[in-house]
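Predicted model, so just to flag it, every value in this text is computed and none were measured.
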Amino acid sequence: ATIAETMPGLATPEEAIEILKPDWAGIGVLAQAYSKAEFDAEANQLWERYLDAGKRYLQSSLTDQDYESAMLSLRTAYLARNERDQSIRLLSHGLKRLPQSVPLRKALGGDLLDARRSAEAADHLVWCAARLPDDTSLQQAAARAVKERLKSESLSADRRPVPSRGDVIR
């Protein structure tokens, strides 16, 4: 067991932070340990600290690679807190800086698909699938998103009023 894994049940999050003095990534490791041990309230406190520290970290001078990695780490925290909409906003913001980032687009596409926003998901997943043709899970996710988008568009078209014989179509 790691030191972080021994903390739940022995120390509050504040005590664990005081004892271990973790950096930003270390707070995430602690949050995962508390979550794994089913100390959900404590894990949530740690995820909150992790998110706050991560947002400050993003504002520092980061290389594109470090920025991308930080964005994906923050996404993990949002998803751990069941905040998919926050993850989607975060990744959308990240793509403004790194529009060619396959990992950010792939994560965003997956989150959008999980949120039943297939039209938006399809755009990102198809873009990624074109760049990673050997990634079978990505290819399947892109196909699913396109299929759901087409099904949704078909349902929308079915709801449009059908003109009767006397109507003039313009």
Chemist: Would you say the side chain of Leu113 lies within less than 4.5 Å of the side chain of Glu148, judging by non-hydrogen atoms?
Modeler: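 A side-chain contact under 4.5 Å exists here.
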
Chemist: Has Ser92 got a side-chain atom pairing as donor or acceptor with Ile88's backbone, closer than 3.5 angstrom?
Modeler: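 Yes, because the side chain of Ser92 sits within donor-acceptor range (under 3.5 Å) of the backbone of Ile88.
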
Chemist: Using a 6.0 Å cut-off, check whether atom NZ of Lys147 has over 12 heavy atoms from anything other than its own residue.
Modeler: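 No, NZ of Lys147 has 12 or fewer neighbouring heavy atoms, counting only those of other groups under 6.0 Å.
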
Chemist: Between the side chains of Asp111 and Arg117, is the shortest nitrogen-to-carboxylate-oxygen separation below 4.0 Å, so that they form an ion pair?
Modeler: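 No, no charged N to carboxylate O under 4.0 Å.
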
Chemist: Tell me, do Glu68 and Asp64 make a side-chain contact under 4.5 Å, heavy atoms counted?
Modeler: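 The answer is no, as the side chains (C-beta and beyond) never meet within the 4.5 Å cut-off.
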
Chemist: How long is the span from the CD1 atom in Ile3 to the CD1 atom in Ile19, to the nearest 0.5 Å?
Modeler: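 It comes to 10.5 Å.
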
Chemist: Does Gln139 reach the main-chain N or O of Asp134 with its side chain, forming a donor-acceptor pair under 3.5 Å?
Modeler: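 Absent.
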
Chemist: Quick one: do Val126 and Leu112 end up in the same hydrophobic cluster if we chain Ile, Leu, Val, Met, Phe, Trp and Tyr together by side-chain heavy atoms under 4.5 Å apart?
Modeler: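 Cluster IDs for Val126 and Leu112 differ.
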
Chemist: Rounded at 0.5 Å granularity, tell me how far CG in Leu30 sits from CH2 in Trp47.
Modeler: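 Nearest 0.5 Å value for the CG-CH2 distance: 10.0 Å.
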
Chemist: Between the side chains of Gln86 and Arg89, does any donor sit under 3.5 Å from an acceptor?
Modeler: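 Short answer, yes.
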
Chemist: Side-chain contact test, heavy atoms from C-beta onward, threshold under 4.5 Å: evaluate it for Ser73 versus Tyr50 and give yes or no.
Modeler: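 Yes, at least one pair of side-chain atoms sits under 4.5 Å.
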
Chemist: Just how far is it from atom OG1 of Thr12 to atom CD of Glu14, taken to the nearest 0.5 Å?
Modeler: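 Spacing of OG1 (Thr12) from CD (Glu14) equals 4.5 Å.
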
Chemist: Is it true that a side-chain atom of Arg105 and a backbone atom of Pro99 form a donor plus acceptor pair closer than 3.5 Å?
Modeler: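 Side chain of Arg105 to backbone of Pro99, a donor-acceptor pair under 3.5 Å: yes, one is there.
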
